[in-house]
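Before any comments, here is the structure.
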Amino acid sequence: MLLNHKFIEPRYQYSRELDPIVGVSFTGLFDFFVNAFGADWLRWWAEGRPATPEGLEFKRQEQEYLSRWKDTVHRTVWDYCDRHGLKRPNRCTTVQPSGTKSLLTSASPGWHPPKAQRFIRRITFRKNDPVALACIDYGYSVIPSQSDKDEKGNLLNDAFDPRCQEWLVEIPVAVPWADLPGADDIEIGKFSALAQMDFYMQVQKFYVRHNTSATIELRENEIEALGARIYEAVRDDEGYISAALLARFDDHQTFPRLPFEPVSKEQYNLLVKEVLKQRRTEDFHAALSRYDCSYGAATLTGELAEFGPAGCDSDKCLLPEQAPSS
């Protein structure tokens, strides 16, 4: 458990002793509530999560679930600390940034609504990356990234073009409740920024005691109302900490090859059929091992590193670069 970790950097160990930190997160919250409350909950979202009698009952039940989980986390962590003679953390719950990992389990990221009932998920890899090559064998399509262009600035279309440096692996994704009766009638991509803010505050107030990773998507005409709501939350000390704001791109022609592209049920079914038609193996692990011989050995020893396009974005960057002396 992380509470037993001993930091090499003295100031980190000193901080741990003063204020031990544990952050128990979850993913798939939106999917959980759809399964718990049905399509009526989705329709309430589409209406903006208004304070109607039905809406207030939905919020009461959301709060009940979130509070129960929070209390369970704290009770379990504190019991562990008491049994092992460790100082109790005074905050144990969070919602961490998440994305691709949660999609691999077919769950919505963190607390966020999914982009749509069905969508294409595009994940960036360097060209000829072993994972991307295994994805090709598994049947997924690969296209050049948004940064790969010809001399005239036009996007390349051939992933194996010598000018191509990065690949986008395209994965058709459907949320677990995509076929729920009535769900297809709801346009998830049009959920208002205020509705997202309201749900985020539920999570922050009734589950999280650290911070909730939150990205609220909005259109230009929502900026003023959302700004006013955030101001009220800060002014009235409602527990708001922070949220990232992201502009929605409704015109997929203007912004091609986005990380998420909503598709219809018919398009999704065609894409899945194409994946199965192109599939050369049913064993993704075997395909990956074929392209990266170190993968199998690394997973056995626990030494497999996690790679991605982003640079260091945590306080680990503050640690000394040199290896500690024995």
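Along the sequence shown, residues are numbered consecutively beginning with 1. These values consider heavy atoms only, across backbone and side chains, with no hydrogens, waters or symmetry-generated copies.
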- Message: Using side-chain contact (heavy atoms from CB on, under 4.5 Å), reason through Asp40 and Phe58 one step at a time and then give a plain yes or no.
- Response: CA-CA 10 Å; Asp40 287 341; Phe58 278 142; 4.1 Å; yes
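- Atoms OH and CD1, on Tyr138 and Ile171 in that order, are 10.5 Å from each other to the nearest 0.5 Å.
- Counting only distance, with no hydrogens or angles, the side chain of His112 and the backbone of Thr215 share a donor-acceptor pair below 3.5 Å.
- Of the residues listed (Phe125, Phe160, Tyr140), the one engaging Trp167 in a ring-ring contact (aromatic ring centres under 6.0 Å, His included) is Phe160, and it is the only one.
- Looking only at distances, a side-chain donor or acceptor of Lys87 sits under 3.5 Å from a matching main-chain atom of Leu18.
- Arg248 places a side-chain N or O within 3.5 Å of a backbone atom of Gly189 that can act as its donor or acceptor partner.
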Chi angles and distances behind the side-chain contact (heavy atoms from CB on, under 4.5 Å) call for Phe30, Trp111:
CA-CA 6 Å; Phe30 191 93; Trp111 61 267; over 6 Å; no
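- Within the 4.5 Å cutoff, no side-chain heavy atoms of Leu246 are placed close to those of Leu218.
- Val169 and Ile120 fall into different hydrophobic clusters, where Ile, Leu, Val, Met, Phe, Trp and Tyr residues are linked whenever their side-chain heavy atoms come under 4.5 Å apart, directly or through other members.
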Worksheet item: Stepwise, does the ring-ring contact (aromatic ring centres under 6.0 Å, His included) test hold for Tyr268 with Phe119?
Response: CA-CA 7 Å; Tyr268 170 78; Phe119 52 89; 9.0 Å; no
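- Here the side chain of Asp283 pairs a donor or acceptor atom with the backbone of His285 at under 3.5 angstrom.
- Within the 3.5 Å criterion, the main-chain N or O of Lys265 finds a donor-acceptor partner in the side chain of Asn269.
- Using a cut-off of 4.0 Å between Lys/Arg side-chain N and Asp/Glu carboxylate O, Arg229 and Asp198 are scored as not salt-bridged.
- Closest approach of Ile21 to Arg16, counting heavy atoms only: O-NH2, 3.7 Å.
- At distances below 3.5 Å, at least one donor-acceptor pair connects side-chain atoms of Thr94 with backbone N or O atoms of Asn211.
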(message) Tyr80 vs Asn4, test: side-chain contact (heavy atoms from CB on, under 4.5 Å). Steps then yes/no.
(response) CA-CA 11 Å; Tyr80 177 90; Asn4 292 308; 2.7 Å; yes
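- When every heavy atom of Leu168 is checked against every heavy atom of Pro144, the shortest pair comes out as CD1-O, 3.7 Å.
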What verdict does the salt bridge (Lys or Arg N to Asp or Glu O under 4.0 Å) test give for Glu62 and Arg49, after you've listed the backbone C-alpha separation in whole Å, the side-chain angles of each residue and the deciding distance to 0.1 Å? CA-CA 12 Å; Glu62 289 174 357; Arg49 293 174 58 96; 2.9 Å; yes
* To do: Kindly indicate, with the supporting measurements, whether the criterion side-chain contact (heavy atoms from CB on, under 4.5 Å) is fulfilled by Val203 and Leu29.
  => CA-CA 10 Å; Val203 176; Leu29 180 67; 3.6 Å; yes
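- Between the OH atom of Tyr240 and the CD atom of Glu232 there is a distance of 13.0 Å, given to the nearest 0.5 Å.
- Residue Leu271 is not grouped with residue Leu258 when hydrophobic side chains (ILVMFWY) are merged at heavy-atom distances under 4.5 angstrom, including chains of intermediate members.
- Separation of atoms CD1 (Ile136) and CZ (Arg279) is listed at 14.0 Å; rounding is to 0.5 Å.
- Side-chain contact between Ser141 and Glu170: present, with at least one pair of heavy atoms (C-beta onward) separated by less than 4.5 Å.
- Ring centroids of Phe7 and Tyr14 are separated by 6.0 Å or more, keeping the two rings apart.
- At most 12 non-hydrogen atoms from other residues, nucleotides or ligands lie less than 6.0 angstrom from CD of Glu187.
- Distance check, rounded to the nearest 0.5 Å: CH2 of Trp69 to CD of Glu64 gives 10.5 Å.
- In terms of heavy-atom proximity, Leu155 sits nearest to Gln146 at CD2-O, 3.3 Å.
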Apply salt bridge (Lys or Arg N to Asp or Glu O under 4.0 Å) to the pair Glu47 and Arg43, showing each step before the final yes or no. CA-CA 6 Å; Glu47 294 164 2; Arg43 280 188 279 272; over 6 Å; no
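- Donor-acceptor pairing under 3.5 Å is lacking for the side chains of Asp129 and Tyr291.
- Distance check, rounded to the nearest 0.5 Å: CZ of Arg219 to CD of Glu217 gives 8.5 Å.
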message: Glu261 vs Arg121, test: salt bridge (Lys or Arg N to Asp or Glu O under 4.0 Å). Steps then yes/no.
response: CA-CA 7 Å; Glu261 181 181 335; Arg121 175 68 169 110; over 6 Å; no
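- With hydrophobic clusters built from ILVMFWY side chains whose heavy atoms lie under 4.5 angstrom apart, Ile241 shares a cluster with Ile216.
- Remark: the Gln63 side chain and the Gln202 side chain contain an N/O donor-acceptor pair separated by less than 3.5 Å.
- Side-chain contact, Trp177 with Asn35: no donor N or O sits under 3.5 Å from an acceptor N or O.
- Phe32 has its ring centre less than 6.0 Å from the ring centre of Tyr65.
- In this structure, Glu17 places its CD atom where more than 12 heavy-atom neighbours from other residues, nucleotides or ligands lie under 6.0 Å away.
- Nearest approach of Phe284 to Cys135, heavy atoms of both residues: CE1-N, 3.7 Å.
- By the 6.0 Å and 45° rule, Lys115 stacks over the aromatic ring of Phe260.
- Thr93 places a side-chain N or O within donor-acceptor distance of the main-chain N or O of Arg209, the cut-off being under 3.5 Å.
- Aromatic pair Trp45/Phe33: centroids not less than 6.0 angstrom apart.
- Inspection of the Thr212 and Gln204 side chains reveals an N or O donor paired with an N or O acceptor under 3.5 Å.
- Between the side chain of Glu222 and the backbone N or O of Ala193 there is at least one donor-acceptor pair closer than 3.5 Å.
- Between atom CD of residue Gln278 and atom NZ of residue Lys273 there is a gap of 14.5 Å, rounded to the nearest 0.5 Å.
- A salt bridge is absent between Lys152 and Asp150: the closest approach of a Lys/Arg side-chain nitrogen to an acidic carboxylate oxygen does not fall below 4.0 angstrom.
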I would like to know whether Asp179 and Arg118 meet salt bridge (Lys or Arg N to Asp or Glu O under 4.0 Å); could you show each step before the answer?
CA-CA 10 Å; Asp179 295 320; Arg118 301 168 188 84; 3.0 Å; yes
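- Following chains of ILVMFWY side-chain contacts shorter than 4.5 Å, one cannot reach Val263 starting from Ile188, and the two form parts of different hydrophobic clusters.
- Of the possible polar contacts, one joining the Thr27 side chain to the Gly110 backbone as a donor-acceptor pair under 3.5 Å is found.
- No salt bridge links Arg75 with Asp79; every basic N to acidic carboxylate O contact stays at or beyond 4.0 Å.
- Closest approach of Glu166 to Asp148, counting heavy atoms only: O-OD2, 2.8 Å.
- Placement of Val208 and Val234 within a single hydrophobic cluster is found when ILVMFWY residues are connected by side-chain heavy-atom separations under 4.5 Å, directly or transitively.
- His210 places no side-chain N or O within donor-acceptor distance of the main-chain N or O of Val95, the cut-off being under 3.5 Å.
- Side chain to side chain, Gln61 and Glu57 meet the donor-acceptor criterion of an N or O pair below 3.5 Å.
- What you find for Ser192 and Gly48 is that their closest heavy atoms are OG-CA, 4.3 Å.
- Between Pro50 and Trp44 the shortest side-chain heavy-atom distance falls below 4.5 Å.
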